[in-house]
Amino acid sequence: MRFVDLIIKKRNNMELTNDEIKFFIRSVIEKSIPDYQVAAMLMAICINSLTERETADLTMAMTYSGKTLDLSSIHGFKIDKHSTGGVADTTTLVVAPLVASLGLPVIKMSGRGLGFTGGTLDKLESIPGFNINIDMDKAIKQVNDINIVIMGQTETLAPADKYIYALRDVTGTVESIPLIASSIMSKKLAGGADGFVLDVKCGKGAFTKNIEDAELLAKEMIKLGKNLGKKVTAVITNMDEPLGMNIGNSLEVIEAIEILKGQKEGSLKDVSLALGAEMLIMGGIAEDTQTALHMLNENIRNRKGLYKFSELIAMQGGNPAVIDNYSLFPQRICKSAIISNKNGYVTEIDALALGKASSFTGAGRKTKEDVIDYGAGIMLKKKVGDKVEKGEILARIFAKDDKRCKIADAIARKAIKIGSEKPEPKPLIYKILK
Ligand code: URA
């Protein structure tokens, strides 16, 4: 088989056989095809898509491209959660410690930033000393000891996805339902948890821009999980404006800490708790949503969730003192502020544009080799629907150098719109599919 023939086949919108898909993934693992050919195939898939059968075959080939994990030595129903990717989307750092503090074992395999979205691993690495490279034996011991681990994909877990994910990030091939579904589900299935709660983002700052596409993606992932006997719940959530107020790695960790301290309300907390409720119900810890939400709120109030986060940080080599002393995070330098030039209401905060602006500050990568500036990003002061007065600060930009700051500022400035009418609120959670 010549790989170029498979690229041409997909470019001509023809269906690849299971053997051809296996050959593709085997060649990726054996590194017998160069990056540019893999990138060409990914672009052909992005443009012409995959059939349901091809997506299932690709997912299986990626799942078994490395070792699959056996978590049977961890007691209880093991749950993993995953977001399809959003902006200021730090739900994991809120919900994982909270549900772990309620007795649900969480073994969370997270990813790095992709495209304009942030990644949990990059955020956690902004905590001085935090180590995301944990081997499986240690991860299992950690879950048995403290009920939670948040780790990177080990070298042997779905390695084909690890390679393809990094390449998609820099080749404009992220926005593809079959590529997203196979990427997420191959990692989840190889990770060996019993059930998954998926946060499927929908809107401007998501890879699926409308409810139809988000639902397609959700259903595809549910099917892929159920085929292997896993429980899967997909929560379709709004991602038109950034979910939280902070965009950028350490800024987002700080916002999660503030929620766990009970000091911050808003959309990030609401979506985190909705996901947490689904996790508790799936894991048999709570019977219904109301009970689950009560339990989660209680563990914010009594700070058990915060304590669990601090235990997690300490166990993975980080400095838990960051929780009470934000100056221990990498230095944040505020270079400019966006100020409202009129009275009115915030009618739009374009999450995609702000995700890109944040990436320009140094919070994201433009190439695989780029080094992240953990202190960089954007701090919003307003949400859509908020009243503003002329002269009020709408957002602050954090960046190390003036050039980066200027570019980010120009993009963010255009992304925040002020009008005279208060906009109709949109739902935060569209649908829950099982
Ligand atoms: N998250 C993933 O793990 N993969 C994608 O393709 C998108 C979001």
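Numbers here are sequence positions counted from 1. Keep in mind that the numbers below use all heavy atoms, side chains included, and drop hydrogens, waters and symmetry copies. In each ligand, atom 1 is the first atom listed, and ligand 1 is the first ligand listed.
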#### Entry: Protein heavy-atom partner closest to atom 7 (C) of ligand 1 - residue, atom, separation in Å
L114 CD2, 3.6 Å

### Task
Check the pair S83, K201 against side chain to side chain donor-acceptor pair (under 3.5 Å), reporting the backbone distance first and the verdict last.
CA-CA 7 Å; S83 159; K201 302 287 181 192; 4.8 Å; no

### Results of side chain to side chain donor-acceptor pair (under 3.5 Å) for K187 - residues two or more places apart only
D161, S183

### Query
What residues, two or more places apart in sequence or in another chain, satisfy side chain to side chain donor-acceptor pair (under 3.5 Å) together with R112?
D122, E125

### Query
Which residue owns the protein heavy atom closest to atom 4 (N) of ligand 1, what's the atom, and how far is it?
S183 OG, 2.6 Å

### Query
At what distance is the nearest protein heavy atom to atom 3 (O) of ligand 1, and which residue and atom is it?
K187 NZ, 2.6 Å

### Task
Report the part of T84 in contact with ligand 1, treating N, CA, C, O as backbone and CB onward as side chain, heavy atoms under 4.0 Å; options are side chain, backbone, both, neither.
backbone

### Query
Quick check, are the ring centers of F329 and Y374 under 6.0 angstrom apart?
no

#### Entry: Pairwise side-chain contact, T91 with L243, heavy-atom cut-off 4.5 Å (strictly under)
yes

### Query
What are the atoms of ligand 1, with element, lying closer than 4.0 Å to any heavy atom of H82?
1 (N), 2 (C), 3 (O)

### Message
Using a 4.0 Å cutoff against the non-hydrogen atoms of I184, which atoms of ligand 1 qualify?
### Response
1 (N), 2 (C), 3 (O), 4 (N)

